[in-house]
Colleague: 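Here it is, the structure, as structure tokens.
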Amino acid sequence: MNVVSVEFLRSAASAADFPHEPWPQLAMVGRSNVGKSTLINALSKRRVARTSAAPGKTRLVNLYLVETARRDLRRCFLVDLPGYGYARGGDASRSEFDRLVRVYYAHPPHGHPLAADVFGPAATLVLVDARHPGLAADVAAVSWIAAVGRPYMVVATKVDKLSRAERTDALHAWSEALHCPVEPISSVTGEGLDALWTTISRTLSNP
Ligand SMILES: Nc1nc2c(ncn2[C@@H]2O[C@H](COP(=O)(O)OP(=O)(O)OP(=O)(O)O)[C@@H](O)[C@H]2O)c(=O)[nH]1
Ligand SMILES: [Mg+2]
């Protein structure tokens, strides 16, 4: 995937800050520390998003505008959302996202009959940690996203930390738990990222 440029647009703290531009938005959803911001950097091949070994780094809706050399997807937004599972009190099975994320999903994407002048996500990339198959918070998040009714795909991050045998078992367990395909990726080795870009382009260019 040829990323021509990537630019941090802004951090959205309320609905007025969500994009007004018509480019399709891919929202990154996942537990805190699963690797959302790191994946944005890996997909862009630049260090634009702030990452951290401590969970809870991303608190707002961070918008990254990507320009690509693909004819089917000239521009899109990669949207870094706050992670879940890091609430005070540690309610790991919480099934609803933070208020800001729910407001974000209440906005239809550009081209939708109800769309106004502020747009929400066209599709979602759900990230789960390959090492922890079937976590309740992730299962709940995927069913929440599925209920939104927009396209979504699931990737299992950090597969570089698993042996071949462990990874086969983990991926099998993940797709059983979520009842959908789960693609292995690693932002460290780059594994699965070209295929992921292809899926992203196909999804965002055919709403
Ligand atoms: N080994 C390995 N480590 C990874 C990978 N992706 C992310 N990490 C590490 O996981 C930690 C968390 O990554 P972040 O990208 O900050 O996680 P996040 O999902 O954005 O977390 P929040 O902002 O708290 O929601 C960092 O130490 C990353 O270096 C991966 O594919 N492999
Ligand atoms: Mg982050």
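Both ligands and their constituent atoms are indexed starting at 1 by order of listing.
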Colleague: Which ligand 1 atoms does Ser187 reach within 4.0 Å, using its non-hydrogen atoms?
Modeller: 30 (C), 31 (O)
Colleague: Using a 4.0 Å cutoff against the non-hydrogen atoms of Ser37, which atoms of ligand 1 qualify?
Modeller: 15 (O), 20 (O)
Colleague: Heavy-atom contact under 4.0 Å between Ser186 and ligand 1?
Modeller: yes
Colleague: Is any side-chain heavy atom of Thr124 less than 4.5 Å from a side-chain heavy atom of Arg150?
Modeller: no
Colleague: Output yes if Asn33 passes the N/O/S-under-2.8 Å test against the Mg ion (ligand 2); output no otherwise.
Modeller: no
Colleague: Nearest heavy atom to atom 25 (O) of ligand 1 wins, so pick from Arg50, Glu191, Lys36, Arg131.
Modeller: Lys36
Colleague: Where does Thr51 meet ligand 1, judged by heavy-atom distances below 4.0 Å: at the side chain, the backbone, both, or neither?
Modeller: both
Colleague: Only heavy atoms of Gly83, strictly under 4.0 Å: list the atoms of ligand 1 that pass.
Modeller: 25 (O)
Colleague: Does some side-chain heavy atom of Met153 sit less than 4.5 Å from a side-chain heavy atom of Leu26?
Modeller: yes
Colleague: With a 4.0 Å cut-off on heavy atoms, is Thr157 touching ligand 1?
Modeller: no
Colleague: Within a distance under 4.0 Å of any heavy atom of Thr38, pick out the atoms of ligand 1 and give their elements.
Modeller: 6 (N), 7 (C), 13 (O), 14 (P), 15 (O), 28 (C)
Colleague: Closest by any non-hydrogen atom to atom 32 (N) of ligand 1: pick that one out of Leu193, Asp160, Val34, Ile185.
Modeller: Asp160
Colleague: What part of Lys161, side chain from CB on, backbone N/CA/C/O, both or neither, has a heavy atom under 4.0 Å from ligand 1?
Modeller: side chain
Colleague: Asp72 and salt bridge (Lys or Arg N to Asp or Glu O under 4.0 Å): which single residue from Arg70, Arg74, Arg75 fits?
Modeller: Arg70
